[in-house]
Amino acid sequence: MSPMLRLRQYLRQRRVLVITTLLCLPLVGQADDNAMRDALEAARNQQWERIDEAAISGHVLEGYVEYHRLRSRLPQAEPGQVLDFIERHRDSPLADWMRSQAIIRYGDAGRYGSLLAVADGTPSGTERECHYYTALYGSDPQAAAEGGRELWRVGHSQPSACDTLFNRLRASGEIDEFDIWERKMLAWERGETGLVSYLGRLLDSRWQDGRDAVERLQQRYADITRVPTCIGPECRGSGPLFVTAMRGFIRADTEAAMEAWRKIAPHLPIEEDDRHAIEEDLAFYSLVRDIDHNLGWVDEALPRIGTTRVLELRIRHALAHRDWRDVLRWVDHLPEDARDEGRWQYWKARAHEQLGDPERADVAYARAAQERSFFGFAAADRIDRPYSLNLDRSRFDDAFRDEVAGWPAVQRTEALLRIGEEGLANSEWLHAAATASPREVRALADYAERRGWHARLVQTTITAQLWDALDWRFPEAYREHFLRWGQQTGVDPYLLMGIARRESAYNPQALSPAGARGLMQLMPGTATLLSRQLGISDPGPHGVLDPELNIRLGSTYIRDMTDRYRGNRLAAAAAYNAGPGRVDRWLRDAPEEFDLFVESIPFRETRDYVQAVLSYRVIFESLANGGSSEGVSMLSDAEKTVRYDASLLARN
């Protein structure tokens, strides 16, 4: 049976199951939903006279109105009332929200005893932490000082809620002049000039050499060889100054920074941690910028630097130069947990293979092939083994499913959706997923699947780390549209599914910080151009959120990319993320084999993206194949054997 026919059959079976299930779901509380919708709007605006108390009495969302009422009474409300509310709503995000609001309001009002009464350990969020440690200072000054110093050690201004705490810690000496200097260096690194100046004014004359050095180095990093090596009392300020200055210098001019470091390193009175931080940065940027004459120093320093990010770069450098012995050498230097990853076992196998040791190669390939990933699948192809999906499925009987439908968190989520509160519904649902037992969270995922809540289902699996629950992580979402427009455009529908899953996690309303929209994260300008190409109306920034139209436009763009790269889906996926101009350049300078091309992509985001999309397409096709990877291939034979260089471009 062809992949397309398998997908159609799978869709028919799943559609019957979903429809049958939904017909059995109860509808609760709809009679009072209009009153609750009005009451919640009035509560947000503190228009209590507009609330029909009788109409919302007993409604599953009554606590949301109560939350706004109690919140409006803070900080006058007593902690006992707050704790009573928290206890009654402990299975809802309302409890955490109320505790957070009480901590802020009590803290602002200086009601520190009340704050400690409602706090449940250290809260999250800088403003709340500052209030908490200020309140704690009287009863546990040591814990308050430790927490306060952590809040102090940042290179940006903190909220005004921290002022009282910081003033007390400075007055008591818990924050001393070295702490002030250290923060000044952090602020300099972040470019926070106002904070740099303010902190400098807090230091006495013993730090004048340091202040002068900062002024000089802000103008010219190369003067680092001409400033005093001993900064502050007992040279305690030297480490932070030279770490900060060298970081800036390394980023600005790595080669000149290396020359300066060779001159000053033997004479600096700094801690080993500071020296390590400078050398790690030097090694990293020497490799990123491919500065070959720094390579000897990098190789000498790497065993003592030993960080995974630099070792990975060194391995990628060896791969780019086909130095297979160095690949083995530096893979063996990785920390054990990183070394055992499928990616590095794969490259270890490739190195053994290239060096004429097929037995060791097969052992490493077999280890890599146990992993459900791009390199795990590539390793399986090398040794002709089926892909390891490690698929985990859960089954629940109808009686238990009926019980789940009546759980309070489920009922609240359904009610919030009925009254148009999508954001609150998501908060309710994910709070339930985060606090549920393993069996309960699987039951929630099962419920979300049956309700067709695709994005919420994916987020449930992420929250609960259900990494092997592939049916839920890669749900049947908009598949008919993917099938239709994949067929219309001649694009692999599983590739389209993989792209959408990576781009938006199946949230049709997804909006990126850059402005990309919808399931396939299209920029409005790209959508406009594609619409013209298809001869349809410009959907505008809101119309592009329509799932089918978004898939249609995204499929068209992928078709254009696959045409550009002679049908190659790997290159097309890279172009979807990074843009075709960049991929064209990478191909002109690329290695020839597919795996080396992927590893040579200079942007980590795009490297990860390509690997994710292609491994996702394997999962989608395998699920359509009943959960079996038999007959499924991540890449076609042509994609695995073609030269990944300029010859792949349709237009040279």
Side-chain angles (χ1 to χ4, degrees), residues 10 13-29 60-61 63 86-97 99 120-121 124 370-372 388-418 422-477 501 505-507 616 619-620 622-624 626-628:
Y10 177 68
Q13 293 170 346
R14 300 279 289 191
R15 192 182 308 114
V16 169
L17 174 63
V18 171
I19 291 172
T20 302
T21 302
L22 292 182
L23 289 174
C24 299
L25 288 174
L27 300 176
V28 180
V60 70
L61 299 180
I86 289 171
E87 175 61 24
R88 287 186 288 107
H89 299 281
R90 63 184 181 278
D91 68 334
S92 165
L94 289 170
D96 292 336
W97 297 343
R99 194 188 307 275
D120 183 21
S124 61
Q370 297 173 16
E371 194 172 277
R372 185 181 58 235
S388 294
L389 295 178
N390 304 317
L391 173 58
D392 178 19
R393 283 174 162 154
S394 299
R395 293 288 181 264
F396 300 97
D397 59 36
D398 290 342
F400 184 62
R401 283 174 165 170
D402 289 343
E403 180 185 329
V404 172
W407 287 355
V410 174
Q411 290 288 296
R412 289 193 297 268
T413 301
E414 291 280 11
L416 286 164
L417 290 172
R418 290 198 303 270
E422 182 85 16
L424 291 179
N426 288 336
S427 296
E428 271 284 354
W429 189 263
L430 294 179
H431 180 273
T435 57
S437 69
R439 184 168 186 259
E440 288 169 344
V441 79
R442 288 174 179 274
L444 291 171
D446 174 72
Y447 186 92
E449 180 189 38
R450 291 182 292 122
R451 292 290 280 121
W453 294 345
H454 307 304
R456 204 167 288 119
L457 172 58
V458 171
Q459 290 303 316
T460 301
T461 66
I462 294 170
T463 300
Q465 300 183 1
L466 300 175
W467 307 130
D468 294 333
L470 301 186
D471 286 315
W472 294 335
R473 289 186 61 208
F474 302 92
E476 179 193 330
R501 174 62 176 78
Y506 281 157
N507 178 5
Y616 288 178
I619 294 169
F620 279 118
S622 298
L623 290 174
S628 169

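For Arg90 (side chain) and Ala95 (main-chain N/O), no donor-acceptor pair under 3.5 Å exists by modelled atom type. Remark: the backbone N or O of Pro475 is not paired with any side-chain donor or acceptor of Arg501 at under 3.5 angstrom. Looking at Glu422, its side chain never comes within 3.5 Å of a backbone N or O of Leu417 through a donor-acceptor pair. Side-chain atoms of Arg456 never come within 3.5 Å of backbone atoms of Ala425 as a donor-acceptor pair (strictly under, hydrogens ignored). Of the possible donor and acceptor atoms, one in the side chain of Thr461 sits under 3.5 Å from a partner among the backbone N and O of Val458.
Side chains of Phe396 and Glu403 form no contact here, defined as non-hydrogen atoms less than 4.5 Å apart. Contact of the Asp446 side chain with the Val404 side chain is not registered, since no non-hydrogen atoms from C-beta on lie closer than 4.5 Å.
Considering only residues two or more places apart in sequence or on other chains, Asp91 meets the side chain to side chain contact (heavy atoms under 4.5 Å, CB included) condition with Pro408, Arg412. Every residue was checked against the side chain to side chain donor-acceptor pair (under 3.5 Å) condition with Gln459, not counting sequence neighbours, and none meets it.
To the nearest 0.5 Å, the span separating CG on Leu94 from CG on Leu61 amounts to 9.0 Å. For the atom pair CZ of Arg450 and CG of Leu457, the computed distance is 11.5 Å after rounding to the nearest 0.5 Å.
With 3.5 Å as the limit, one finds no donor-acceptor pair spanning the side chains of Ser388 and Glu371.
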